[in-house]
Amino acid sequence: MSFIQKLFGAILPQRLSQAMEAESRAWRVECSCGFTRSVWELGGIRYKASGEPRWMMVCPQCGQRSAHRVYHKP
Ligand SMILES: [Zn+2]
């Protein structure tokens with residue numbers, strides 16, 4: 001877990017931090033090559049959010065820096 005994930009896990013009630021983790025895992029970050037990870041796997045948190053933003057990052061599969069699509073997939 002990343003620092004921010006540990007921090008939220010420490011300050012939030014367990015029920016809430018589990019809900020936050022579950023939702024962060026349901027948010028997918030997809031490269032144009034098709035490689036997909038969850039926001040949680042990336043060390044991030046996305047909770048009570050909406051919309052489909054684009055995140056600029058380097059993809060570990062194709063090695064390209066590109067705009068990754070962020071979408072919710074429960
Ligand atoms: Zn890629």
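Both ligands and their constituent atoms are indexed starting at 1 by order of listing. Just so you know, these numbers come straight off a predicted model, no measurement behind them. Just so you know, residue 1 is the first one in the sequence shown, and it goes up from there.
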K.L.:
Distance-only, no hydrogens or angles: does the E21 side chain make a donor-acceptor pair with backbone N or O of W40 under 3.5 Å?
P.N.:
no
K.L.:
Give every protein N, O or S atom lying under 2.8 Å from the Zn ion (ligand 1), naming each by residue and atom.
P.N.:
C31 SG, C33 SG, C59 SG, C62 SG
K.L.:
Can you find a side-chain donor-acceptor pair between S17 and Q14 that sits under 3.5 Å?
P.N.:
no
K.L.:
Backbone N or O of R46 within a donor-acceptor pair of the S24 side chain at under 3.5 Å?
P.N.:
yes
K.L.:
Whether the side chain of E30 engages the backbone of R37 through a donor-acceptor N/O pair (distance < 3.5 Å, no angle test) should be reported.
P.N.:
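It does not hold such a pair.
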K.L.:
For residues I45 and M20, determine if any side-chain heavy atom of one lies less than 4.5 Å from a side-chain heavy atom of the other.
P.N.:
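Yes. Closest side-chain heavy atoms under 4.5 Å.
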K.L.:
I'd like to know whether W27 forms a ring-ring contact (aromatic ring centres under 6.0 Å, His included) with H72, so could you lay out the CA-CA distance, the side-chain angles of the two residues, the decisive distance to 0.1 Å, and finally the verdict.
P.N.:
CA-CA 4 Å; W27 279 95; H72 192 239; 5.0 Å; yes
